[in-house]
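What you are looking at is a predicted structure, and each value in this text was computed from that prediction instead of being measured. Reckoned from all heavy atoms, side chains included, excluding hydrogens, waters and symmetry mates.
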Amino acid sequence: MEFKDHVCELLNTVDVCQVFFDITVNFDLTKNYLDLIITYTTLMILLSRIEERKAIIGLYNYAHEMTHGASDREYPRLGQMIVDYENPLKKMMEEFVPHSKSLSDALISLQMVYPRRNLSADQWRNAQLLSLISAPSTMLNPAQSDTMPCEYLSLDAMEKWIIFGFILCHGILNSDATALNLWKLALQSSSCLSLFRDEVFHIHKAAEDLFVNIRGYNKRINDIRECKEAAVSHAGSMHRERRKFLRSALKELATVLSDQPGLLGPKALFVFMALSFARDEIIWLLRHADNMPKKSADDFIDKHIAELIFYMEELRAHVRKYGPVMQRYYVQYLSGFDAVVLNELVQNLSVCPEDESIIMSSFVNTMTSLSVKQVEDGEVFDFRGMRLDWFRLQAYTSVSKASLSLADHRELGKMMNTIIFHTKMVDSLVEMLVETSDLSIFCFYSRAFEKMFQQCLELPSQSRYSIAFPLLCTHFMSCTHELCPEERHHIGDRSLSLCNMFLDEMAKQARNLITDICTEQCTLSDQLLPKHCAKTISQAVNKKSKKQTGKKGEPEREKPGVESMRKNRLVVTNLDKLHTALSELCFSINYVPNMVVWEHTFTPREYLTSHLEIRFTKSIVGMTMYNQATQEIAKPSELLTSVRAYMTVLQSIENYVQIDITRVFNNVLLQQTQHLDSHGEPTITSLYTNWYLETLLRQVSNGHIAYFPAMKAFVNLPTENELTFNAEEYSDISEMRALSELLGPYGMKFLSESLMWHISSQVAELKKLVVENVDVLTQMRTSFDKPDQMAALFKRLSSVDSVLKRMTIIGVILSFRSLAQEALRDVLSYHIPFLVSSIEDFKDHIPRETDMKVAMNVYELSSAAGLPCEIDPALVVALSSQKSGHCNNIHCLAKAINQIAAALFTIHKGSIEDRLKEFLALASSSLLKIGQETDKTTTRNRESVYLLLDMIVQESPFLTMDLLESCFPYVLLRNAYHAVYKQSVTSSA
């Protein structure tokens, strides 16, 4: 009510003073007058759209009575106003009869502005609008216009003024052809107008309903229907062509200004005109997309809208970045030209009252005092006072009885409008950007906004402009108002969620493209694997024989690299398409390093990085092709080839986007060296560890696979049930090196720990057998020099075969670990030779008298580098937690005995050397006793057992051949080697 009263009072005052309105002269006064009327009209229309308005007012009055004990004194008037404005425009048409003269004058002043703005794209193109390079000789000349602020005035605002304004003072339509032409032009351009945000007003139907009851308005009704038909038929295509023109015009403008930012000074007007034109067309499309007949829907779906928004954002970025350049230019312009011209105009005024003279003089003095040094010193400029004084001066000089009439001094008004524009170029660039290019209305068209974004991503040629959508989210906070602070959080949250969604979708799209490229590259790398050359070799060997037999040979297989041969450059492969799409999308992701939305900083590249990490992790695990049901898994060398191909593609991403791909590799590959990744999912370390323990080594224990030291590999044995895999293809030195490359020192340590856990479980079982035979073993320890007694005690031992079997299993596991450690050492020696040699030197020069704890630390370091140690630290740790090449793998016993003994005696603080000497004495005594036996069962495989004793001594760092020869004759060993060799030859024959 108060607002209505103030508006009515002000409008009456304007009429009484007979204020002169002309948008080209007293721009600020006329613009604010028209804005006031449209705001008032819009408010009344919106009020009439509230369905429960009467109930709300009644509840308010009831609450007022309860609070203050009496009803609001304005309640009757408010209620009456609600009733009177049931049809707001009809009521306001009556209300505005006395204001028709002032309003129509203001509207008719648009005759030089609105038609010039509402041209077709062909007319713009013929005039080479917004082009800086159409006339190179005038490129440095400042862009000038007599109606400077009207050049970037919103077309949407002018159409509101014209349509609503002439509805309110409709009488002028019958008497003034200019007014009628303006009104019809506006009606033909749009079907609806924006009242507030996403609330629209359908102009043709509303106007027709208003005029239908007015006598003599049949002609106007026919005009409305004709304009409606024209709007439906032609407006869509007209605006579509405008957007098409603006895309190329803004692109040219942005390109030239990025190369020559100094042109922002003289051509600033072109920039703000371009922004305003583009903003009007985007808002028009957004408003009409859901409010037009379906038959012309194609004109309201613009798949290239992202490009137009992108170039708007690029121009905005240039203005923000080169603001100081523009300041320098216009500070000199104001002080060196505008001040001089204005001073001359003032001097030539025939009449200039004192108040107006003082204001004019202050304008000249303010401009004259400006200097470039102020810009260089970073001084903050503020011309708001000067602009407000000009607004006051317009009011003083536009009333009918003013001594100095602005209507008679139009040049002064036009000059001052130009000066005001120049001052805004110095102190209000951000406000100018908001005024001419704010697109915060997208906040209220979320569905359309998201649909445009999806269309942009689906069209490869437009994906490079997709960053425009997150950038638009930075506009949203400009649609908030200080009188409605509670709305800030809602709009802020929406801007954050939309920006996050857009960046996430862009990163996902890029990730999917990269994944497809990686898949293609992995396929190409797979073709280069050695296994694929077998067929080629076979064909080459059999080629001659096939010719002789006359059989038609098989068609030759395409060799790797054929895909790179192009007979025609027009041929585009799938990889070409993927790379093109990726480069376009990455341009968008890399366009800005970060953006600030509602005091939150978003970094587009980080979205891509995080998605690449997640996908790389899943891909690595997926490429292992582990099948739990069939226990199948990819060979380490093949997985390594695929991973390297994947990494090569990811490294190439750095050519498109400024991201640290090494960080991605470190994060992902280091996680793969652990048992579980950061999401709790299994890694290649856990998958390969489980496979080698549960599949390969279990088959060794079952007798299907044997370890051959000479080959340094596990090999399948001929059995009834053939295994589904070839053990040698997973355990030879090249595969173990590939495994070491994949798992790294951390992963190999986890593998070792898992192996040691299995050994510790076997040792626990051995301990039970020792406890079971403890009395007999104690007697044997003291009777090793009494052969007869030893033989009798040996027969009393129980579960001897079980001990042998468990020690063999331990030996197999340790042999596999030895292969793994050797492969790790080779890999690390290649990657970090100096560090490995330093560790090796450190290990080799530990004095014997060194404290065991210190020595164990050195051994642990050495073991982590794959170096063999006298005492295996991993085995020591595994066993300390227990404080609560022959087909039968018997050769693995030597390694088992040595390493188990070293670990156990380290735990129990015993002398390893003394205990092993004691073991050697006991073993040699027992073997010498066997040599005297004649029973065939007892002497079975006697020579092989002799060789096992020799292997134990050779494997041990604590026993020597001299020590062995002192208690076991070497002649027996020599005869044993001869016998075993002779037997193997006989078996082979």
Side-chain angles (χ1 to χ4, degrees), residues 529-531 533-534 537 625-627 630-640 688-743 748 751-752 754-755 758-759 762 804-827 866 868 885-896 899 941 944 947-948 951 954-955 977 980-981 983-989:
L529 290 175
K531 66 181 182 181
C533 70
I537 294 171
M625 296 183 289
Y626 179 63
N627 188 325
T630 60
Q631 289 297 308
E632 293 177 349
I633 199 167
K635 289 192 286 187
S637 59
E638 293 182 5
L639 176 61
L640 182 60
Y688 274 107
T689 298
N690 291 338
W691 189 86
Y692 276 105
L693 282 169
E694 302 300 329
T695 303
L696 190 140
L697 293 179
R698 190 175 293 280
Q699 294 299 335
V700 176
S701 303
N702 294 338
H704 298 150
I705 298 173
Y707 172 62
F708 287 87
M711 297 173 64
K712 287 191 176 180
F714 288 84
V715 180
N716 289 26
L717 296 175
T719 56
E720 293 181 2
N721 299 321
E722 287 292 328
L723 297 177
T724 57
F725 64 93
N726 189 343
E728 188 177 356
E729 292 182 359
Y730 288 86
S731 62
D732 66 11
I733 191 66
S734 62
E735 294 299 331
M736 297 310 293
R737 284 174 181 166
L739 185 68
S740 299
E741 285 272 12
L742 289 166
L743 306 192
M748 297 302 282
L751 175 63
S752 293
S754 301
L755 293 170
H758 280 265
I759 290 175
Q762 295 296 331
L804 193 62
K805 184 178 179 182
R806 295 189 183 283
M807 286 300 291
T808 303
I809 291 172
I810 292 172
V812 166
I813 295 174
L814 288 172
S815 298
F816 176 75
R817 181 170 183 272
S818 177
L819 285 179
Q821 288 291 93
E822 184 180 347
L824 177 62
R825 181 173 70 253
D826 292 343
V827 168
H886 296 270
C887 293
N888 58 1
N889 292 305
I890 201 71
H891 52 280
C892 297
L893 275 175
K895 192 176 290 289
Q899 296 203 22
N941 295 328
S944 297
L947 297 185
L948 177 62
M951 289 174 68
Q954 288 181 15
E955 284 273 351
Y977 274 111
V980 168
Y981 174 73
Q983 185 180 352
S984 66
V985 171
T986 306
S987 300
S988 300

Open item on the list: Let's go through Asn726 and Asn716 carefully: what are the C-alpha distance in whole Å and the side-chain angles of both, what is the deciding distance for side-chain contact (heavy atoms from CB on, under 4.5 Å) to 0.1 Å, and is it a yes or a no?
Closed with: CA-CA 6 Å; Asn726 189 343; Asn716 289 26; 3.9 Å; yes
Open item on the list: Within the structure provided, determine whether Ile633 and Asn627 are in side-chain contact (heavy-atom separation under 4.5 Å).
Closed with: no
Task: Non-hydrogen side-chain atoms of Glu694 and His758 separated by less than 4.5 Å - done: yes
TODO: First locate atom CG of Leu824, then atom CD of Glu741, and finally report the distance between them rounded to the nearest 0.5 Å.
DONE: 10.0 Å
Task: side-chain contact (heavy atoms from CB on, under 4.5 Å) evaluation trace for Trp691 with Gln631 - done: CA-CA 7 Å; Trp691 189 86; Gln631 289 297 308; 4.1 Å; yes
Task: Pairwise distance OG(Ser752) to CD1(Ile813) - rounded to 0.5 angstrom - done: 12.0 Å
Task: Test item: Leu755 and Leu697 side chains (from C-beta on) under 4.5 Å apart, heavy atoms - done: yes
Open item on the list: Looking at Glu728 and Ala713, would you say the former's side chain and the latter's main chain have a donor-acceptor pair under 3.5 Å?
Closed with: no
- [ ] Look up atom CG in Leu640 and atom CG in Leu743, then write down how far apart they are to the nearest 0.5 Å.
- [x] 10.5 Å
Open item on the list: With rounding to the nearest 0.5 angstrom, report the CG to CZ distance, Leu819 to Arg737.
Closed with: 11.0 Å
- [ ] Kindly say whether the aromatic ring centers of Phe816 and Tyr692 come within a distance under 6.0 Å.
- [x] yes
TODO: Please test Tyr730 against Thr695 for side-chain contact (heavy atoms from CB on, under 4.5 Å), starting from the C-alpha separation and ending with a verdict.
DONE: CA-CA 11 Å; Tyr730 288 86; Thr695 303; over 6 Å; no
Open item on the list: Does any part of the side chain of Ser637, heavy atoms only, come nearer than 4.5 Å to the side chain of Glu729, both counted from C-beta?
Closed with: no
Open item on the list: Suppose the criterion is salt bridge (charged side-chain N to carboxylate O under 4.0 Å, His left out): which pairs have a residue in residues 701-712, not counting sequence neighbours?
Closed with: Lys712-Glu822
- [ ] Check the pair Asp826 / Ile733 against side-chain contact (heavy atoms from CB on, under 4.5 Å), numbers first and verdict last.
- [x] CA-CA 10 Å; Asp826 292 343; Ile733 191 66; 4.3 Å; yes
Task: Check: Leu739 and Leu751 side chains under 4.5 Å, non-hydrogen atoms - done: yes
Task: Where Val827 and Ser740 come nearest, the two heavy atoms and their spacing - done: CG2-CB, 3.8 Å
- [ ] Grab the two heavy atoms, one from Ala634 and one from Tyr688, that are nearest each other, plus how far apart they are.
- [x] O-OH, 2.6 Å
TODO: Indicate yes or no for a side-chain donor-acceptor contact from Ser731 to the backbone of Ala727 under 3.5 Å, with no hydrogens or angles considered.
DONE: yes
Task: Close side-chain approach of Thr630 and Thr724, heavy atoms under 4.5 Å - done: no
TODO: Kindly indicate whether the side chain of Tyr707, heavy atoms from C-beta on, has any atom under 4.5 Å from the side chain of Val812.
DONE: no
- [ ] Measure the OG-CD1 distance between Ser754 and Ile759 for me, rounded to the nearest 0.5 Å.
- [x] 11.0 Å
Task: For Ile705 against Leu696, the heavy-atom pair lying closest together - done: CD1-O, 3.9 Å
TODO: Compare all side-chain heavy atoms of Leu717 with those of His704 and state whether any distance is below 4.5 angstrom.
DONE: no
TODO: Could I get the full list of side chain to side chain contact (heavy atoms under 4.5 Å, CB included) partners for Glu638, not counting sequence neighbours?
DONE: Leu529, Lys531, Lys635
Task: Nearest-0.5 Å distance, OG of residue Ser734 to CE of residue Met736 - done: 10.5 Å
